[in-house]
*Asks:* 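Starting off with a structure, shown below.
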Protein chains: 4
Amino acid sequence: MSPRTSTQFETIRQEKRKVILEAALELFAENGFHATSMSTIAKKGGISKGLAYNYFESKNDILEEIVDEGFHQVHDLLDPDKDGVLSEEEFISFLEKTFAMVKNNHRYWKLYFALMIQPVVSENLSEKYAKAGEPLFRMMHEFIASKGSSDPEGDLMIISAMLEGTFLYAIVAPDIFPIDRMKEKVIDGIFRIIQSGNKNKAV
Amino acid sequence: MSPRTSTQFETIRQEKRKVILEAALELFAENGFHATSMSTIAKKGGISKGLAYNYFESKNDILEEIVDEGFHQVHDLLDPDKDGVLSEEEFISFLEKTFAMVKNNHRYWKLYFALMIQPVVSENLSEKYAKAGEPLFRMMHEFIASKGSSDPEGDLMIISAMLEGTFLYAIVAPDIFPIDRMKEKVIDGIFRIIQSGNKNKAV
Amino acid sequence: MSPRTSTQFETIRQEKRKVILEAALELFAENGFHATSMSTIAKKGGISKGLAYNYFESKNDILEEIVDEGFHQVHDLLDPDKDGVLSEEEFISFLEKTFAMVKNNHRYWKLYFALMIQPVVSENLSEKYAKAGEPLFRMMHEFIASKGSSDPEGDLMIISAMLEGTFLYAIVAPDIFPIDRMKEKVIDGIFRIIQSGNKNKAV
Amino acid sequence: MSPRTSTQFETIRQEKRKVILEAALELFAENGFHATSMSTIAKKGGISKGLAYNYFESKNDILEEIVDEGFHQVHDLLDPDKDGVLSEEEFISFLEKTFAMVKNNHRYWKLYFALMIQPVVSENLSEKYAKAGEPLFRMMHEFIASKGSSDPEGDLMIISAMLEGTFLYAIVAPDIFPIDRMKEKVIDGIFRIIQSGNKNKAV
DNA sequence: GATGAATGAGGATTCATTCAT
DNA sequence: TATGAATGAATCCTCATTCAT
């Protein structure tokens, strides 16, 4: 029964923190930020309301932490960190990672879409993602251009829309739009779009 | 001296009703249902809180009326009411009407997306739209099939996703994704997908 | 189509007034004063809210009119207006009139009990009735005394309580305490009490 | 520093709960349920409105708890839990306990009468009491029968009415009908009724 | 006389947040 | 660290009453 070391305390803190964030994520995603009370979060996390405020400054703060953590995960996972143009295998692998991400973190993405449409705090989520997504967009743009598209910006737009729409459907109507099936079709569709849009169609 | 005729009353009611619904639509779309108070709606509508309850039973009721009215507009506008396969012109015209609808009723579609992701009432909005959208899907399916697609279901899926994603972007990031430009690209993209997916690619 | 005479107008006014009072009486009695809204009264009376205010100054005013009218009916009906002691027949007839009154105006008496226990306006209803009932009490007192009671005040108390309890039961639990059966028993019981309480028991 | 023990919390809760219930009882009894606001209850209890809702789900809930607690007190106090016929001493003792109960819990009984006449919730209070009172009625019935009454049901009716009326008067007009004096007269009166109603009057 | 739109004050209820322990 | 009692502002909703027609 020796007093816990500060490392142990730190571990406990990190775990509690995670518990709260996960409870909040589920509730925010499923019911919305405003329809979720701190009481409910605390109850779902198995702690007291007071303790939640020991870990986070406010309900808003919890949301921001969730968004930030999710954002970093996305960043870490997708950051191409690569110069030059992607090969086709690399591009496909990138798409598959993206689909896996949405599939494995359904709740986060549900929350992402909700916040995209109706930001809770002043800061606009889509701006944040827009800025962060810039390298991704550039990467895709270069890939598309490398394939000979006569309008890479335009093609990027509709391909992005197709991806975003796919993820949205995968979130809200997974029964009708099963994500695995969609993945195959979307990847295939992207190439069809790219190839049919070649500057020189008579390849 | 004499009381207003019932026609006069009816006119007043219809106009005031519209005022309330429009104020509420704007606020619900922009800030979300839960973040919008009846006070705010009343203030925006230039009336007292109490009067709003003279016209609608509850905040929920206002939302339902908005959804219903929007739904009927969509239905009236898009109902193909047509047997047989669409010609290409008809199909394009249908797509253009759809884009016009989103463009001209930006707020309603913002609310639509918000409710799609996080329904406020028990009834699932996507179910309602899924049922209503069935004829549309069938129509598109037939059109795609008529063009010789080897996988019309799959093609329909990604085309639907592309449309939904386009509208979503047009709603949340119109600066980056201007709807008119998107419309051209999407219509073009759809045909590229369809044609490149022909059973017999060597046309 | 000659203009209505002022007499006709007066008749109309009286009838409307009665309609309102009856609607209000039923609602006040059944649901209570505070649980009854002017809207409900107007709807039940088949008139508009505004018109109700044409006839009465306030909801309170309606209640007061109901109470006053009921009070006068009671007064007119029961006022003994008689000097000297009642004969047994007269006393029994008085009791029967009282029972008939409660039986035929169930709603008024329900309201009477409700107001007796929880007055709505400052003025205490029981005081009003106490004052008005004084002649009645005196009459009963004299009757009891004339029968040789050794404690007419005390006997009057328990007889009054028996009557009041009987009417209360007849109002709230008429199935278990049917008023007609109760009437026979109560009248009988009163005489049993009086006679058994004679100064000179060996009659 | 360390959090309160659950026993400490429990003590706080029990005491505060009692404070709220007592404040509410007084107000409900004196002014009626609908005329009493949660604000008033909170103010009288010396707490904030919000805290009242930490203890009770709704105003209705407060009322129900008051009724239930009072009901249990009555039940515990009066439950005869006795087979066979009561002796005269036992019967008198039972009546005296009943009078003491009303005298010592004036407010509860005022509320009881108010709810009897105009129930606030759907469930009828008189039904609840009717069921609970059944053993009491049976007991009184047997006692009356044991005294040789030729119509024990009828005698029970008028005796019950006399008691109920006495309590009602004791509640609403204690000055004119002082409960202690009434008690003597009523007990005496009950025996006069019973004895004068013997099958064999020629005792 | 008659209507119902309109108001505003008040009432029930919820909830983020603080605080004593 | 941890608890939950406590607060007060905000929210949904009701309703007596007024008023233009």
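Each chain gets a letter, A, B and so on, in the order the sequences are listed, and its residues count up from 1. Bear in mind the structure is a predicted one, so any value in this text is a computation, not a measurement.
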*Asks:* What integer distance in Å separates A:E57:CD from E:dA16:P?
*Replies:*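 Computing the A:E57:CD to E:dA16:P distance gives 16 Å.
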
*Asks:* Would you kindly say whether B:Q14 and B:E10 are connected by a side-chain donor-acceptor distance under 3.5 Å?
*Replies:* yes

*Asks:* At 4.0 Å (heavy atoms only), tell me whether A:T36 reaches a base, stays on the sugar-phosphate, or touches nothing.
*Replies:* sugar-phosphate

*Asks:* Calculate the interatomic distance between A:D61 atom CG and E:dT18 atom P; express it in whole Å.
*Replies:*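 So the two atoms are 12 Å apart, to the nearest Å.
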
*Asks:* From the set F:dA2, E:dG8, E:dA5, return the single nucleotide nearest to any side-chain atom of A:S48.
*Replies:* F:dA2

*Asks:* Expressed in angstrom and rounded to an integer, what is the separation of B:R4 atom CZ from F:dC19 atom C1'?
*Replies:*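 Those two atoms, CZ and C1', are 9 Å apart.
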
*Asks:* If you define the side chain from C-beta out and look only at heavy atoms, does anything of D:M38 sit under 4.5 Å from D:I62?
*Replies:*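 When only atoms from C-beta onward are counted, D:I62 and D:M38 do touch, with a gap below 4.5 Å.
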
*Asks:* Is the shortest heavy-atom distance from the side chain of A:L63 to the side chain of A:L111 under 4.5 Å?
*Replies:* yes

*Asks:* Check whether any side-chain N or O of C:E65 sits under 3.5 Å from a backbone N or O of C:F56 as a donor-acceptor pair, and report yes or no.
*Replies:* no

*Asks:* Please tell me which of A:K49 and B:S58 maps to the more 5' nucleotide of DNA chain F, matching each residue to the nucleotide holding its nearest heavy atom.
*Replies:* A:K49

*Asks:* Determine the contact category for D:L51: base if any of its heavy atoms lies under 4.0 Å from a base atom, sugar-phosphate if only primed atoms, P, OP1 or OP2 are that close, otherwise nothing.
*Replies:* base

*Asks:* Counting Watson-Crick and G-U wobble pairs with both distances under 3.5 Å, what is the dot-bracket string for DNA chain F, 5' to 3', using [ ] for crossing pairs and | for pairs to another strand?
*Replies:* .||||||||||||||||||||

*Asks:* Do D:I117 and C:I171 come within less than 4.5 Å of each other through their side chains, counting heavy atoms only?
*Replies:*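 Of all side-chain heavy-atom pairs linking C:I171 with D:I117, none is under 4.5 Å.
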
*Asks:* For C:S37, answer base if it contacts any base atom (sugar-phosphate contacts may also be present), sugar-phosphate if it contacts only those atoms, and nothing otherwise; contact means non-hydrogen atoms under 4.0 Å.
*Replies:*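 Sugar-phosphate, no base atom in range.
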
*Asks:* Within a strict 4.5 Å, meaning less than it, do heavy atoms of the B:T5 and B:F9 side chains meet?
*Replies:*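 Not in contact.
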
*Asks:* Given atom OH of A:Y55 and atom P of F:dT1, what is their separation to the nearest angstrom?
*Replies:* 6 Å

*Asks:* Round to a whole Å and report the spacing from CZ of D:R13 to P of F:dT3.
*Replies:*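 The distance from CZ of D:R13 to P of F:dT3 comes to 16 Å, rounded to the nearest Å.
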
*Asks:* May I have the distance from B:K16 (atom NZ) to E:dG4 (atom P), rounded to whole angstrom?
*Replies:* 17 Å

*Asks:* Picking from F:dA16, E:dT21, F:dG4, which would you name as closest to the side chain of D:Q8?
*Replies:*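 Nearest listed nucleotide: E:dT21.
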
*Asks:* Heavy-atom count around C:E57 CD within 6.0 Å, excluding the residue itself: above 12?
*Replies:*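 Counting neighbours around CD of C:E57, 12 or fewer heavy atoms of other residues, nucleotides or ligands fall under 6.0 Å, so no.
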
*Asks:* Report the distance from atom CD1 of B:I62 to atom P of F:dC12, rounded to the nearest whole Å.
*Replies:*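 Computing the B:I62:CD1 to F:dC12:P distance gives 10 Å.
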
*Asks:* When the distance from NE2 of C:H34 to C1' of E:dG10 is rounded to whole Å, what number comes out?
*Replies:*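 From C:H34 NE2 to E:dG10 C1': 14 Å.
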
*Asks:* When the nearest nucleotide of DNA chain E is assigned to D:T40 and to B:I12 on a heavy-atom basis, which residue is associated with the more 5' position?
*Replies:* B:I12

*Asks:* Which residue, B:E10 or D:F9, contacts DNA chain E at a nucleotide closer to its 5' end, judged by nearest heavy atom?
*Replies:*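 Nearer the 5' end of the strand: B:E10.
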
*Asks:* Does the side chain of D:N54 get closer than 4.0 angstrom to OP1 or OP2 of F:dA6 through an N or O atom?
*Replies:* no

*Asks:* Please confirm whether D:K59 makes a cation-pi placement over D:F33, using NZ or CZ under 6.0 Å from the six-membered ring centre and within 45° of the ring normal.
*Replies:* yes

*Asks:* With DNA chain F as reference, determine whether C:N60 or D:I47 sits nearer its 5' end, using the nearest nucleotide of each.
*Replies:* D:I47

*Asks:* I want to check one thing: is the phosphate of E:dT14, taken as OP1 and OP2, less than 4.0 Å away from some side-chain N or O of D:Y53?
*Replies:*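 So the side chain of D:Y53 is outside the cut-off, no N or O lying under 4.0 Å from OP1 or OP2 of E:dT14.
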
